[in-house]
Amino acid sequence: MMKATLAFIFLACMLSSFMSAMASDSTLKIFGNANMDETINEDDIEYVQAIINGKNESTELDDANYDGKIDERDAAQIEQIMAGTEEQLTVIDDTLTDAYPHGRPVTVKKPVKGIVGLNANVPEALRILGSGDTLIGISKTTASRKAFFSEISELPIAAEDVEKIISLDPDLVLGYGGTMTYSSADIESKLNGTGIQLVRLDFNRPDTFAMDIARLGYILNKRDRAEEFIEFYNQCMDPIKEMTQNLSDSQMPRVYIELWNPYRTVRNGTELDAVIMSSGGINIASNLTGDYPTVDVEWVIDQDPDFIISIMFNDDGYQLDDPSKMEAIRDEIINREGFSNITAVKNGNVFVIDRNIGFLRHFVGVAYLSKLFHPDLFPKLNPEEINKKYLDEFQGIPYNGFYIYPPLGGGIEMISISLIRLAVLSAVFVFFLSMTAAASDCTLGIFGNANMDDVIDEGDLSYLKEIIQGTKNNTELADANCDGKIDEEDISQIELIIRGDEREISILDAVMKPLTVKKPILRIVTGFNDIAELLRILHADDRIVGIDPYVKSDKAFFPELYNLPQAGHFRTPNYEAILNLSPDAYMSWVNPRGPDTFSLSKEDGIKNLPGVQIIGLNIGDPDEMPNSALKLGYILDKEKEAAEFVDWYESYLKLIESKVSSISNETKPKVYMEFWSDYQASNFVKMCDRAGGINLADTLPFSGTVPHVDKEWLLENNPDIIIKYATPSADVCGYSMEDQDGLIKISVGILNRTELANVKAVKNGQVYAIDMWHLGWGPSTLISTAYLAKIFHPDLFRDLDPQAIHQQYLEKFQRLDYDLDKHGAFIYPPLERR
């Protein structure tokens, strides 16, 4: 799982405390997690060594090999766990009994190849991790859900038959923990002495679910898949938690939950009670005795709930062809004697939900209920899209069925949250904006995008057919095969693009001219470091065979690429070196203020590289970068990776711009942005404008380079803030730096310019040195925009954490093990973090 530096992504990974107060809610309950955080990594080895050396206190999980002593064998065990080569693993499972009030230690022999699942949660959890093929025995409930579990529903039913379990000879039996431990207690006693281990994991509760999946990921050597799902899960849960956690009782509806039979409800501490609380509701039965108490009609009438939620248990929502069974349940409740005067009934707030979105898939249920309980807080939340994404990506099955009745109305876009702390939004906005109909607001510049949106899909096929039929007007990108006419061959080309089988694809290049690219492209020479950065985002950096001088000189940022052969700068390419590398394509950069400066779009460049496809991308322009990333994704068959990054990139920009849009020009600071040399003004205005500033050089003429200004001009314009571009070439900033001395010198140097002593920015100490080389161009432009927004409007962006965004970019999209708290120099003075 990601390091603690990315803890802002995993804020919703809540666990019930165990064994003592030392174990926090985010502790991964596996022996070997010596420092008691949410993962097992090198830090745990260091912690164990410090325990052995007497420098650290012992912890409850430091005994990695679970032999009763702390020694070098524990360090060796942790190394094996990290490598996935351990022969056994000891975890704290979800057993909750008098003997184990916080969970019990269970040692599992590895590898685990055969599993019997005692309930329907187990196969669903295994499919999340891509381990459904380990299942060899199932429960009756699993077998009954033939549509949902089509590939396993015919497996032997063994959940209630110990002899059957033993005959299957599984490596592991998985059952309920928590409040349902009783359901597997008898099985455990009969398995004693057989060598078959029972592990209890709930997979039900919001407070333990993420770590249940994490532990199972360790047990099955599926840590990466577990991390991927947990990130998705937290993206669902975090924004809802942030919006509901500070609601007062008067702002939360009072809810009556009914399950199994009429008047059977749930008390505090049960799974469904946790779902109601996570959705911002109050369970009116929370103080009753017994996990699932039965109440009477008078009690419900007297409590007068605002909502009645009935859990449909007898049918699987996925298998329903229509909602009639749900409707019948609702009608029965509404027509009960005495219920007509209950607030929930009078207001039509009686709903039936599928049991499966109340237990393991509770994050979907929480989304539905949050939208029901707080429609004003969640006007654009779309639970159905969350469910669809989960079924498609983590269950591998198509969306089907009915999950709530009456169905929800309202918007179909995902939530736009201006009140959530941005530390959480770093993951949240990526997910919620990815749930919209398209990945981006831009028009994808690929021929075949007939309807001119940001993706090529079935919608383009439909649109193109209507063009051919004469019911739609032709569009700029409708000619999919770029042959000058619209016909059935274009339909065939779009179908090929959708499947990823096209042998060539035509795009609008950086200078907006048609360019046909032959596929596949497996060998690439880059002409600028931003291209290499984008290729790494797309998981295509392994195709780079030649680099430019900037990649060569940036070992800290490009540790896997810097030693590749150098082939010249994009303005002065080494044609001979490029040809010697036999690339399929040469990819370069285009000046965001002058696309004509792309040298290899000119005739001489093309002439000198026969047989090499030349692709220019305008990724230096913040407006064009998303489109370029999406186009390159299609060219390299990395559409998913491109869309994921663009969603992330644009979600932050939209958040920043939505806040900035409310600011009048009169309240925006006047900003002087100085390029590399003194009094060389930067009139690249988009970052400044997006961050809510007014670039004083905006009105200066542009002649292919940045303009120089004199001191009098600067004094006359009297900026509120001065931003100085720092460059790594002077060894003052970047990923190779271990201190801030260079940036400090730059900032202090401007403050000490005697001629600027009366400038407002200098008098107020608003002079910043920023590494614009790494953060101000290409895919990382978002990061500098976030820093500028924080500088320009500290009160408006109090909760914005640019370093957290930067860290996520490095770990998630650049896949670098780099800790910004320990290394690098990117801005001075440093900004306050939240």
Side-chain angles (χ1 to χ4, degrees), residues 112-161 164-165 167-177 180 183-184 187 198-205 209 212-213 216-217 219-220 222 225-226 228-229 232-233 259-260 271 311-323 325-326 353-365 384 386-404:
V112 175
K113 297 180 179 179
I115 297 174
V116 170
L118 301 184
N119 55 68
N121 282 351
V122 173
E124 193 163 345
L126 290 173
R127 284 208 301 207
I128 286 172
L129 299 180
S131 296
D133 57 352
T134 62
L135 203 64
I136 59 176
I138 60 176
S139 66
K140 289 181 180 179
T141 303
T142 302
S144 70
R145 298 174 62 188
K146 294 185 183 298
F148 191 85
F149 292 121
S150 59
E151 80 281 15
I152 60 173
S153 60
E154 300 301 325
L155 287 175
I157 298 174
E160 299 177 7
D161 187 339
K164 186 67 173 179
I165 293 174
S167 71
L168 293 173
D169 192 25
D171 300 302
L172 187 66
V173 176
L174 288 174
Y176 281 127
M180 301 185 74
S183 66
S184 56
I187 290 176
L198 170 67
V199 174
R200 296 188 178 99
L201 297 174
D202 260 348
F203 304 120
N204 272 343
R205 300 177 56 85
F209 182 59
D212 284 345
I213 293 294
L216 189 60
I219 290 170
L220 300 178
K222 293 286 187 176
R225 180 65 172 174
E228 181 183 355
F229 173 75
F232 162 80
Y233 174 77
L259 66 162
W260 295 324
E271 296 83 354
I311 312 298
M312 183 181 67
F313 267 87
N314 295 329
D315 291 279
D316 181 358
Y318 186 84
Q319 299 179 168
L320 295 182
D321 294 325
D322 62 68
K325 292 184 178 180
M326 288 182 158
I353 67 172
D354 173 38
R355 61 177 175 177
N356 299 300
I357 65 170
F359 289 92
L360 182 142
R361 217 177 317 157
H362 57 264
F363 52 95
V364 179
E384 186 174 286
I386 295 174
N387 201 8
K388 285 180 178 178
K389 184 177 178 69
Y390 169 73
L391 294 175
D392 178 52
E393 296 190 12
F394 296 100
Q395 290 298 302
I397 58 177
Y399 180 83
N400 188 62
F402 293 86
Y403 300 91
I404 187 168

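- Applying the salt bridge (Lys or Arg N to Asp or Glu O under 4.0 Å) test to Lys164 and every residue at least two apart in sequence or in another chain returns nothing.
- Put simply, the side chain of Gln395 gets close to the backbone of Glu124: a donor and an acceptor are under 3.5 Å apart.
- Annotation: the span from Leu174 atom CG to Tyr176 atom OH amounts to 12.0 Å, rounded to 0.5 Å.
- A ring-ring contact (aromatic ring centres under 6.0 Å, His included) with His362 holds for exactly one of Phe203, Tyr390, Phe209; it is Phe209.
- Listed by chain and number, the residues in a ring-ring contact (aromatic ring centres under 6.0 Å, His included) with Phe149 amount to none (sequence neighbours excluded).
- Between the CG atom of Asp315 and the CG atom of Asn356 there is a distance of 10.5 Å, given to the nearest 0.5 Å.
- Note: Ile115 CD1 to Leu168 CG = 13.0 Å, rounded to the nearest 0.5 Å.
- Shown here is Asp322, whose CG atom has more than 12 heavy atoms of other residues, nucleotides or ligands within 6.0 Å.
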Full working for side-chain contact (heavy atoms from CB on, under 4.5 Å) between Ile136 and Val116:
CA-CA 6 Å; Ile136 59 176; Val116 170; 4.2 Å; yes
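- Here the CD-CG distance, from Gln319 to Asp354, works out to 10.0 Å after rounding to the nearest 0.5 Å.
- Annotation: the span from Asn121 atom CG to Leu201 atom CG amounts to 10.5 Å, rounded to 0.5 Å.
- Shortest non-hydrogen contact noted between Pro123 and Ile152 is CB-CD1, 3.4 Å.
- Partners of Asp171 according to the salt bridge (Lys or Arg N to Asp or Glu O under 4.0 Å) rule, which considers only residues two or more places apart in sequence or in another chain, do not exist here.
- Shown here is Lys325, whose NZ atom has no more than 12 heavy atoms of other residues, nucleotides or ligands within 6.0 Å.
- Phe394 and Phe232 have tilted rings, their planes meeting at an angle from 30° to 60° on a 0 to 90° scale.
- Going from atom CD1 of Ile213 over to atom CD1 of Ile128 covers 4.0 Å, rounded to the nearest 0.5 Å.
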Start with the C-alpha distance between Arg225 and Glu228, add both sets of side-chain angles, then the distance that settles salt bridge (charged side-chain N to carboxylate O under 4.0 Å, His left out), and finish with yes or no.
CA-CA 5 Å; Arg225 180 65 172 174; Glu228 181 183 355; 3.4 Å; yes
